[in-house]
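Reminder, nothing fancy here: chain letters follow the sequence lines and each chain counts from 1.
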Amino acid sequence: MPELPEVETVRRGLSELIIGKAIASATNDTPKSFPNTQTDVKQFMIGAKVTAIRRRAKVLMIDLSTEYSLVIHLKMTGQLVYVGTKDRFGAGHPNDSLVNALPDKSTRVTIGFDDDSQLFFNDQRKFGWVKLMPTLEIPNLPFMKKVGPEPLEAEFTPQQFRDRFRRRARTNIKAALLDQSVVAGVGNIYADEALWGAKIHPTRLTGSITDDEFEALYTELREVMNLSIEKGGSSNRNYVNAEGKRGSYMDFARVFRREGLPCPRCGTTIEKSRVAGRGTHICPFCQVA
DNA sequence: CACTTGACCTGTCCGC
DNA sequence: TGCGGACAGGTCAAGT
């Protein structure tokens, strides 16, 4: 899925596109994608205006004027694509080929606004979900209670970063990085990219990582995520932003999905293996087990 | 508790 | 071209 930079890119895009609009309709395919009752939808969603769009970890929240929110997780293949009226009915828009194709077989939820524009939640693998709930209850969700700090917040220090890993001392550093209760928002792409940047082998025991290495990992993780946000995220396969466009971070990736190619730092051939149940990319020269 | 593995789904790619 | 298996950006429920 979309990791922190991708979800943040969607958040920023949607903020420009739908804040202030009123919801006129909502349809969905299965209760799995959108488990609310029609009564809930009528009472708290239809007629409501979008007041704010927030992100916590990889979760997106669309706040409504009814004090309810749409809480959304894109998981592996989720997309939120907005189609404006000009795009939809006017000719010659650069995205015509894509927007005219929506909804498609992966569309799970369609939200219509009062100006006839639409927001599509597409999800090929059906792992993702959209849920309508009271805004004030969001912090009570089990995920929100356990999720760790936002790594890009200015007040998040290298010392806090290092201390968060104590609970995962006996597992490998990659599994710890992917654990959302340690630090929020890290997924498979940025875990590999940050470990390469900090020259740490992903199978190293978390308890063996030195203070200097934690500091390097902290710096690299923030740099790689900030760069990705700047580039509009990573489009490995399915990810697109709120306008249906792909991000360009993959053009800048140093190891992720680059097995067989030379390490940009030393030229050694990048290798792919499996760590923490996930495809993992390393430079075997720069990152020593 | 900490840790690992399988399950949830569909689509695509790769080797035979 | 067909078919089986592995794999894909995430999380959770089980198991040890």
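We find that Lys21(A) and Asp114(A) are not joined by a salt bridge, their nearest charged nitrogen and carboxylate oxygen being 4.0 Å or further apart.
Rounded to whole Å, atom C1' of dC1(B) lies 14 Å from atom NZ of Lys146(A). Look at CG on Asn172(A): it is 10 Å from P on dT5(B), rounded to the nearest Å. Note: NZ (Lys131(A)) to C1' (dC12(C)) measures 17 Å, nearest angstrom. Between Arg167(A) atom CZ and dT4(B) atom P there is a gap of 16 Å when expressed in whole angstrom units. Atom-to-atom, CH2 of Trp129(A) to C1' of dC12(C) comes out at 12 Å; the value is rounded to the nearest Å. Rounded to an integer number of Å, the gap from CG of Leu178(A) to P of dT4(B) is 12 Å. Atom CZ of Arg278(A) is separated from atom P of dA6(C) by 18 Å (rounded to the nearest Å). In this structure, Glu6(A) places its CD atom 14 Å from C1' of dA8(C), rounding to the nearest Å.
For Arg168(A), whose side chain is taken as the heavy atoms from C-beta onward, the closest listed nucleotide among dC3(B), dC7(C), dT11(C) is dC3(B). The side chain of Arg274(A) approaches dA8(C) more closely than any other nucleotide in the set dT4(B), dG10(C), dA8(C).
Between Arg55(A) and Met61(A), the shortest heavy-atom contact is C-CE, 3.7 Å.
Side-chain N/O atoms of Gln180(A) include one lying less than 4.0 angstrom from OP1 or OP2 on dT11(C). OP1 and OP2 of dG10(C) both lie 4.0 Å or more from every side-chain N or O belonging to His73(A).
Both tests do not hold together for Arg108(A) against Trp129(A): distance to the six-membered ring centre under 6.0 Å, angle to the ring axis within 45°.
Heavy atoms of Asp123(A) sit nowhere under 4.0 angstrom from any nucleic acid atom. The residue Asn188(A) sits close only to the backbone: its heavy atoms come under 4.0 Å of sugar-phosphate atoms, none of a base. Within the 4.0 angstrom heavy-atom criterion, only backbone atoms of the sugar-phosphate kind lie near Gly279(A); the bases stay farther away. Across all strands shown, Gly277(A) has no heavy atoms under 4.0 Å from either base or sugar-phosphate atoms. Across all strands, Ala276(A) comes closer than 4.0 Å to no nucleic acid atom at all (heavy-atom distances). Residue Ser234(A) is classed as a base contact, given a heavy-atom separation below 4.0 Å to a base. Within 4.0 Å (heavy atoms only), Tyr190(A) reaches no atom of the nucleic acid at all.
Side-chain atoms of Thr219(A) come within 3.5 Å of backbone N or O of Glu215(A) as a donor-acceptor pair.
One side chain, Asn122(A) or Thr107(A), offers a donor N or O that lies under 3.5 Å from an acceptor on the other. Checking Tyr190(A) against Ser234(A) by side-chain atom types alone, a donor-acceptor pair falls below 3.5 Å. The closest side-chain donor-acceptor pair between Ser33(A) and Lys126(A), if any, does not fall under 3.5 angstrom. Side chain to side chain, Tyr249(A) and Glu193(A) meet the donor-acceptor criterion of an N or O pair below 3.5 Å. A donor-acceptor pair shorter than 3.5 Å cannot be found between the side chains of Thr203(A) and Asn172(A).
For dT11(C) and dG11(B), the P atoms lie 22 Å apart once the distance is rounded to whole Å.
Contact check for Phe156(A) versus Val183(A): side-chain heavy atoms found under the 4.5 Å cut-off.
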Between protein and nucleotides 8-11 of chain B, what N or O pairs are separated by less than 3.5 Å?
unit_1, atom_1, unit_2, atom_2, d
dC8(B), O3', Lys32(A), NZ, 3.2
dC9(B), OP1, Lys32(A), NZ, 3.1
dC9(B), O5', Lys32(A), NZ, 3.3
dC9(B), O2, Arg125(A), NE, 2.9
dC9(B), N3, Arg125(A), NH2, 3.4
dT10(B), OP1, Lys126(A), NZ, 3.1
dT10(B), O4', Gln124(A), O, 3.4
dG11(B), OP1, Lys105(A), NZ, 3.1
dG11(B), O4', Gln124(A), OE1, 3.4

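Helical stems of DNA chain B (runs of at least 3 Watson-Crick or G-U pairs, donor-acceptor distances under 3.5 Å) are listed by first residue: B:2-8 with C:10-16, B:10-16 with C:2-8.
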